[in-house]
**Student:** 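Let me give you the structure first, and then I'll get to my questions.
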Amino acid sequence: KAGVTQTPRYLIKTRGQQVTLSCSPISGHRSVSWYQQTPGQGLQFLFEYFSETQRNKGNFPGRFSGRQFSNSRSEMNVSTLELGDSALYLCASSPREPYGYTFGSGTRLTVV
Amino acid sequence: EDKVVQSPLSLVVHEGDTVTLNCSYEVTNFRSLLWYKQEKKAPTFLFMLTSSGIEKKSGRLSSILDKKELFSILNITATQTGDSAVYLCAHPGAQKLVFGQGTRLTINP
């Protein structure tokens, strides 16, 4: 079966712009979570959605937001980009937490 | 707040060596401990250790969980260059995974 699909794979944006990343989970998985990975901070939790509801949110500023659609696909948005937002953004889907997390290949965001 | 700590952060060995990666944790409600391998981008699942499954083995990789001392180790025997990767340890908390910093393992031929 198809894995977790993230698009785009690479993005280069300028400071102050906004960006939207997309994640399509494995078919049948209703939980989608997002993580930011940087060399200094490692993998940090952004937020989790289940059946279109945000159930948990990490310690990130309000510039980071997300949503989930009725088909379980999820998007995350970062507004007013800063240089420090440069990172690998990973999405994971799960049929039910806390088990069975499968990760996508991520979106590499570079802010210049 | 749940905390997961891995050591060492970086390790360089020669092909054929045996390595041991460490993961300690402090969590309020232990569920399980997960090990992932990250080569390029997507972390791939290796093992899940629980209170009822404290030892796992797959080929040259094995892992144990010590619930009393709150740590886990990942062993890789007869290492190969293809084992070069970042190894991540994580605890599944409430609707999220809490990761350690990862151990970057480099296998030199």
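Scope of the values below: all heavy atoms of this structure, side chains included, with no hydrogens, waters or symmetry mates. Keep in mind it's a predicted model, so treat the numbers as computed, not measured.
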**Student:** Would you say that B:Lys41 contacts A:Gln6 through its side chain, given a criterion of any heavy-atom pair below 4.5 Å between the two side chains?
**Tutor:**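 In short, these two side chains do not touch, never coming nearer than 4.5 Å.
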
**Student:** Kindly say whether B:Lys96 contributes a backbone atom to a donor-acceptor pair with the side chain of A:Asn56 at under 3.5 angstrom?
**Tutor:**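 The answer is no, because no donor-acceptor pair under 3.5 Å joins these two groups.
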
**Student:** State plainly whether one hydrophobic cluster holds both A:Val19 and A:Met76, where clusters connect Ile, Leu, Val, Met, Phe, Trp and Tyr through side-chain heavy atoms under 4.5 angstrom apart.
**Tutor:**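 Same cluster: A:Val19 reaches A:Met76 through Ile, Leu, Val, Met, Phe, Trp or Tyr contacts under 4.5 Å.
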
**Student:** Flag yes if B:Leu88 and B:Tyr25 sit in one hydrophobic cluster, no otherwise; membership is Ile, Leu, Val, Met, Phe, Trp, Tyr, and two members link when side-chain heavy atoms are under 4.5 Å apart.
**Tutor:**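 Different hydrophobic clusters.
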
**Student:** Does B:Lys3 NZ have over 12 foreign heavy atoms under 6.0 Å away?
**Tutor:** no

**Student:** Establish whether B:Val13 and B:Val86 are linked, either directly or via other cluster members, by ILVMFWY side-chain heavy-atom contacts under 4.5 Å.
**Tutor:** no

**Student:** For atom CZ of A:Arg9, is the number of surrounding heavy atoms from other residues, nucleotides or ligands below 6.0 Å larger than 12?
**Tutor:** no

**Student:** Please determine whether the number of non-hydrogen atoms from other residues, nucleotides or ligands lying under 6.0 Å from atom CZ of A:Arg15 exceeds 12.
**Tutor:**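 Counting neighbours around CZ of A:Arg15, 12 or fewer heavy atoms of other residues, nucleotides or ligands fall under 6.0 Å, so no.
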
**Student:** State plainly whether one hydrophobic cluster holds both B:Leu61 and B:Val19, where clusters connect Ile, Leu, Val, Met, Phe, Trp and Tyr through side-chain heavy atoms under 4.5 angstrom apart.
**Tutor:**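 Same cluster.
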
**Student:** Restricting to non-hydrogen atoms, name the atom on A:Tyr101 and the atom on B:Pro92 that form the minimum distance, rounded to 0.1 Å.
**Tutor:**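 Smallest heavy-atom distance, with atoms named: CE1-CB, 4.4 Å.
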
**Student:** Can you confirm whether B:Glu26 is buried at CD, in the sense that more than 12 heavy atoms of other residues, nucleotides or ligands lie under 6.0 Å from that atom?
**Tutor:** no

**Student:** Quick check on the 6.0 Å ring-centre criterion: do A:Phe45 and B:Phe99 meet it?
**Tutor:** no

**Student:** Nearest 0.5 Å please: distance from the CG atom of A:Asn59 over to the CD atom of B:Glu1.
**Tutor:** 6.0 Å

**Student:** Which pair of heavy atoms, one from B:Ala42 and one from A:Gly104, lies closest together, and at what distance?
**Tutor:**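 That would be CB-O, 3.1 Å.
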
**Student:** Distance check, rounded to the nearest 0.5 Å: A:Arg108 atom CZ versus B:Lys40 atom NZ?
**Tutor:**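 NZ of B:Lys40 is found 12.0 Å from CZ of A:Arg108.
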
**Student:** Are more than 12 heavy atoms from other residues, nucleotides or ligands located less than 6.0 Å from atom CD1 of A:Ile12?
**Tutor:**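 No, the 6.0 Å shell around CD1 holds no more than 12 heavy atoms from other groups.
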
**Student:** With a 4.5 Å heavy-atom cut-off (strictly below), which parts of residues 83-92 of chain A touch chain B? List them by number.
**Tutor:** A:Leu88, A:Leu90

**Student:** So with a 6.0 Å cut-off around CZ of A:Arg73, is the heavy-atom count from everything else above 12?
**Tutor:**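 Counting neighbours around CZ of A:Arg73, more than 12 heavy atoms of other residues, nucleotides or ligands fall under 6.0 Å, so yes.
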
**Student:** Same cluster for B:Phe71 and B:Val5 if Ile/Leu/Val/Met/Phe/Trp/Tyr side chains link at under 4.5 Å?
**Tutor:** no

**Student:** Taking the side chain as every heavy atom from C-beta outward, state whether A:Leu43 and B:Tyr36 have any atom pair closer than 4.5 Å.
**Tutor:**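 A:Leu43 vs B:Tyr36: side chains apart.
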
**Student:** Just to be sure I understand the criterion: a residue of residues 32-41 of chain A counts if one of its heavy atoms is under 4.5 Å from a heavy atom of chain B. Which ones qualify?
**Tutor:**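 The stretch touches chain B at A:Tyr35, A:Gln37.
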
